[in-house]
Amino acid sequence: MNIFTFRTTVIFSLVLSIKIFSQDNMPSNQEVADMKYMLEEEKMARDVYEFLDSTWNLRVFNNIKQSEQHHMDMMEYLLNSNKISYQLSDEQGVFYNKDLQKLYNDLIEKGSKSRQDALEVGKLIEVTDIEDLEKALKNTSNTEIKDVYSKLIFASNNHLRAFNRNLSRF
């Protein structure tokens with residue numbers, strides 16, 4: 001084998017190994033779907049809390065809606081860092097996912113009835129969010145995605161405790 005053939009073989013092997021390595025780090029279709037869903041679910045939570053905050057003026061909703069915005073930022077970072085395009089409405093209460101749109105509408109209706117119902121809505125959002133994050137966590141081996149989901153689960157458990165504390169006053 002001459003030097004030209006040897007160099008070509010080495011370069012080809014390096015390029016192939018880099019390509020294979022980068023493909024291994026690309027999120028799977030399931031991971032992409034989960035990240036997009038979690039982003040919009042975090043938006044749904046934020047939008048419900050914004051509505052409930054303006055309706056009932058309870059500090060818990062004001063505090064947690066700000067946290068939900070941070071959760072959205074974390075999910076957008078994951079999507080952007082993986083160069084994944086996504087849609088997210090800038091309009092409050094508008095969602096591309098039909099299930100999340102229905103859930104938003106149902107939660108707004110229930111949360112409008114009383115302060116206690118509003119707090120129950122917050123509790124339901126956090127329980128649902130934790131369940132969905134745990135499912136998504138099981139669908140990935142990507143350490144960056146796992147780290148974000150784990151942080152969101154931790155925060156959602158804190159939110160759940162806050163809603164339970166507020167509900168205990170009724």
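Atom set for the values below is all heavy atoms of this structure, side chains included, hydrogens, waters and symmetry mates excluded.
- Within the 4.5 Å cutoff, the side chain of Leu58 has no heavy atoms near those of the Asn166 side chain.
- Within the 4.5 Å cutoff, side-chain heavy atoms of Tyr104 are placed close to those of Gln101.
- In terms of heavy atoms, Asp47 sits closest to Gln92 at O-NE2, 3.3 Å.
- Among all heavy-atom pairs drawn from Asn142 and Ile145, the shortest one is OD1-N, 3.0 Å.
- When only modelled atom types and interatomic distance are considered, Asn164 and Arg161 share no side-chain donor-acceptor pair under 3.5 Å.
- Under the 4.5 Å side-chain heavy-atom criterion for grouping Ile, Leu, Val, Met, Phe, Trp and Tyr, Tyr77 is not connected to Leu152 through any hydrophobic cluster.
- For Tyr96, the OH atom is densely surrounded, since the number of other residues' heavy atoms within 6.0 Å is greater than 12.
- In this structure, the side chain of Asp117 does not engage the main chain of Lys113 through any donor-acceptor pair within 3.5 Å.
- Note on Lys102 versus Asp106: salt bridge recorded, some NZ/NE/NH1/NH2 to OD/OE distance being below 4.0 Å.
- Without hydrogens or angle criteria, Gln87 side chain to Lys36 main chain gives no donor-acceptor distance under 3.5 Å.
- Contact check for Glu40 versus Met35: no side-chain heavy atoms found under the 4.5 Å cut-off.
- To the nearest 0.5 Å, atoms CG (Asp132) and OH (Tyr149) are separated by 10.5 Å.
- Contact between Leu52 and Ala118 at its shortest, heavy atoms only, is CD1-O, 3.8 Å.
- Taking the side chain as every heavy atom from C-beta outward, Val32 and Tyr86 never approach each other to under 4.5 Å.
- Side-chain atoms of Asn80 come within 3.5 Å of backbone atoms of Glu76 as a donor-acceptor pair (strictly under, hydrogens ignored).
- Under a hydrophobic-cluster definition in which Ile, Leu, Val, Met, Phe, Trp and Tyr are linked whenever side-chain heavy atoms come within less than 4.5 Å, directly or via other members, Val94 and Met44 are assigned to different clusters.
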### Message
For a side-chain contact (heavy atoms from CB on, under 4.5 Å) check, start with the C-alpha distance between Glu68 and His159, then their side-chain angles and the critical distance, and finish with the verdict.
### Response
CA-CA 10 Å; Glu68 297 299 337; His159 300 168; 3.3 Å; yes
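- The heavy-atom pair separating Lys43 from Gly93 by the smallest distance is NZ-N, 3.9 Å.
- With rounding to the nearest 0.5 Å, the separation of CZ in Arg46 from CE in Met72 is 4.0 Å.
- Side-chain atoms of Leu107 and Leu124, non-hydrogen and from C-beta on, do get closer than 4.5 Å to each other.
- Rounding to the nearest 0.5 Å gives a distance of 10.5 Å between CD of Gln69 and CD of Glu42.
- At distances below 3.5 Å, not a single donor-acceptor pair connects side-chain atoms of Asn82 with backbone N or O atoms of Ile84.
- Nearest approach of Ser112 to Ile108, heavy atoms of both residues: OG-O, 2.6 Å.
- Rounding to the nearest 0.5 Å gives a distance of 11.5 Å between CG of Leu78 and CG of Asp73.
- The backbone N or O of Thr140 lies less than 3.5 Å from no partner atom in the side chain of Glu31, so there is not a single donor-acceptor pair.
- No side-chain heavy atom of Asp34 sits less than 4.5 Å from a side-chain heavy atom of Lys135.
- Separating the CZ atom in Phe170 from the OG atom in Ser114 is a distance of 7.0 Å, to the nearest 0.5 Å.
- Contacts of Tyr49 classified as side chain to side chain donor-acceptor pair (under 3.5 Å), with partners at least two apart in sequence or in another chain: Glu126.
- We find the CD1-CD distance between Ile64 and Glu50 to be 13.5 Å, quoted to the nearest 0.5 Å.
- With a 4.5 Å cut-off on side-chain heavy atoms, Met38 and Val148 do not count as touching.
- Within the 3.5 Å criterion, the main-chain N or O of Thr143 finds no donor-acceptor partner in the side chain of Asp147.
- Evaluation of the salt bridge (charged side-chain N to carboxylate O under 4.0 Å, His left out) test over residues 57-67, restricted to residues two or more places apart or in two chains, returns Asp53-Lys65.
- When the side chain to side chain donor-acceptor pair (under 3.5 Å) test is applied to Asn97, no partner is found at least two apart in sequence or on another chain.
- Side-chain contact check for Thr55 versus Phe61: every heavy-atom pair is 4.5 Å or farther apart.
- Judged by distance alone, with hydrogens and angles left aside, the side-chain atoms of Trp56 form a donor-acceptor pair with the main-chain N or O of Gly111 at under 3.5 Å.
- Counting non-hydrogen atoms of neighbouring residues, nucleotides and ligands closer than 6.0 angstrom, the CZ atom of Phe154 reaches no more than 12 such neighbours.
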